[in-house]
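Here the structure comes first, spelled out in structure tokens, and everything after it is commentary.
Computed from a prediction, not measured in an experiment: that's the story for all the values here. In what follows, every heavy atom counts, from backbone to side chain, and hydrogens, waters and symmetry copies are set aside. Counting starts at 1 for both ligands and their atoms, in listed order.
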Amino acid sequence: MAPPWPYPRLIGHRGGGTLAPENTLAGLRLARRYGYTGVEFDVMLSGDGTPVLIHDDTLERTTDGHGRVVDRSDAELARLDAGSWHGPAYAGEPLPTFAQAGELCRVLGLWANVEIKPAPGHEAETGRRAALLARELWQGADLAPLLSSFSPVALAAAAQAAPQLPRGLLCGPVPDTWHADVQRLGCFSLHCDFRHVTPRLVDEAARRGVPLVCYTVNDPDEARRLLGLGVAAVITDRLDLLAPHGL
Ligand code: G3P
Ligand code: MG
């Protein structure tokens, strides 16, 4: 039997997937417009220690800024354009703080899978700060956010700071030690690259009572197959192809 999964089964990757600039408020709004009730996004610390939404350690790919995120103050990050790289329609879209994104999720009724994405050397501090802020932002919400990370150090720090928030262990390929890792870190779920999902893994996860989340699934047939196999949720870049009510 599939383990309980109280969260949405379709989740927008980095907010609105590839249809909007990743990790922006515009992406969150777009996810809602497509009928999504759940989003994933990446959280990293600024040079001032503020959790902000960005995927890469460096600013070049998704903003008009340069250098490392951890070397920039909040004021510097707030001036950046995080939308023009995607297209002129999103010119001037800001790089949001986690607080802004969390508040918008609450307003829009979006559940969140908050990926803690620490810059190297900042694992524990990022886990701690992201978890504390997540707890504050979702206080009183029906569904708590799910914190996930590739970093066991960040997950352990998140567990210590806000033990009541559920956590997910992220991996690409699934290591043989996955269940011991999940147990050691007190994680609720296992999140892996969908290309590494096998019926055996789904069965084992079900037997262990661990929901399995897969990224990044952009083909509706593949999403249907995985959900049919017993995967709890899929994270997608193609919110237009995977319709929440059509699968
Ligand atoms: O949380 C799933 C997925 O976002 C992990 O990979 O690199 O897209 O953050 P990445
Ligand atoms: Mg991510």
Side-chain angles (χ1 to χ4, degrees), residues 5 7-25 27-28 30-31 36-45 51-63 69 82 85-86 95-96 98 101-102 105 110-120 122-123 126-127 130-131 134 144-155 158 165-175 178 181-182 185 187-197 201 205 210-219 222-223 226-227 231-239 242:
W5 176 257
Y7 310 117
R9 296 201 177 273
L10 290 187
I11 301 169
H13 188 221
R14 306 182 193 176
T18 49
L19 306 182
E22 64 187 54
N23 291 311
T24 61
L25 301 183
L28 300 180
L30 180 130
Y36 277 61
T37 54
V39 285
E40 182 265 4
F41 50 75
D42 306 297
V43 169
M44 191 178 294
L45 295 186
V52 297
L53 263 62
I54 191 160
H55 179 275
D56 301 359
D57 298 349
T58 50
L59 294 163
E60 280 78 358
R61 184 177 63 85
T62 57
T63 78
V69 179
W85 69 272
H86 188 276
L95 188 162
F98 179 28
C105 284
L110 280 175
W111 170 80
N113 169 200
V114 178
E115 185 188 339
I116 304 169
K117 194 72 118 180
H122 297 261
E123 288 82 1
T126 311
L146 174 60
L147 309 178
S148 61
S149 189
F150 287 100
S151 164
V153 174
L155 287 170
L165 292 184
R167 292 170 304 282
L169 176 63
L170 260 164
C171 52
V174 182
W178 74 265
D181 299 339
V182 159
L185 292 161
C187 285
F188 167 72
S189 50
L190 178 71
H191 303 212
C192 70
D193 186 322
F194 82 97
R195 290 167 295 190
H196 300 289
V197 172
L201 175 66
V210 178
L212 197 57
V213 178
C214 300
Y215 63 88
T216 308
V217 185
N218 297 329
D219 173 38
E222 184 61 16
L226 289 164
L227 292 168
V231 160
V234 298
I235 300 178
T236 185
D237 272 333
R238 293 302 304 265
L239 286 74
L242 274 64

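In this structure, L147 and A158 approach most closely via the heavy-atom pair CD1-CB, 4.1 Å. The shortest non-hydrogen separation linking A82 to P21 is O-CB, 3.4 Å.
Rounding to the nearest 0.5 Å places CG of N218 at 11.5 Å from CD1 of I235.
Side-chain contact annotation: N113 with S148, donor-acceptor N/O pair under 3.5 Å present.
Panel detail: the Mg ion (ligand 2) has protein N, O or S atoms under 2.8 Å away, 3 in number.
Ring planes of W111 and Y7: parallel class, angle under 30° (limits at 30 and 60°).
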Could you tell me, for ligand 1, which of its N or O atoms are under 3.5 Å from any protein N or O, listing the pairs and their distances rounded to 0.1 Å?
{"residue": "ligand 1", "atom": "1 (O)", "partner": "E40", "partner atom": "OE2", "Å": "2.8"}
{"residue": "ligand 1", "atom": "1 (O)", "partner": "E115", "partner atom": "OE1", "Å": "3.3"}
{"residue": "ligand 1", "atom": "4 (O)", "partner": "H13", "partner atom": "NE2", "Å": "2.9"}
{"residue": "ligand 1", "atom": "4 (O)", "partner": "E40", "partner atom": "OE2", "Å": "2.6"}
{"residue": "ligand 1", "atom": "4 (O)", "partner": "E115", "partner atom": "OE1", "Å": "3.2"}
{"residue": "ligand 1", "atom": "7 (O)", "partner": "H55", "partner atom": "NE2", "Å": "2.7"}
{"residue": "ligand 1", "atom": "7 (O)", "partner": "K117", "partner atom": "NZ", "Å": "3.3"}
{"residue": "ligand 1", "atom": "8 (O)", "partner": "H13", "partner atom": "NE2", "Å": "2.8"}
{"residue": "ligand 1", "atom": "8 (O)", "partner": "R14", "partner atom": "NE", "Å": "3.4"}
{"residue": "ligand 1", "atom": "8 (O)", "partner": "R14", "partner atom": "NH2", "Å": "2.8"}
{"residue": "ligand 1", "atom": "9 (O)", "partner": "D42", "partner atom": "OD1", "Å": "3.2"}
{"residue": "ligand 1", "atom": "9 (O)", "partner": "H55", "partner atom": "NE2", "Å": "3.4"}
{"residue": "ligand 1", "atom": "9 (O)", "partner": "E115", "partner atom": "OE1", "Å": "2.8"}
{"residue": "ligand 1", "atom": "9 (O)", "partner": "K117", "partner atom": "NZ", "Å": "2.7"}

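Here the side chain of T236 pairs a donor or acceptor atom with the backbone of V217 at under 3.5 angstrom. Between the T18 side chain and the D237 main chain, a donor and an acceptor come within less than 3.5 Å of each other.
Applying the side-chain contact (heavy atoms from CB on, under 4.5 Å) test to R9 and every residue at least two apart in sequence or in another chain returns W5, L227, A232. Contacts of V182 classified as side-chain contact (heavy atoms from CB on, under 4.5 Å), with partners at least two apart in sequence or in another chain: L169, W178, C187, L190, V210.
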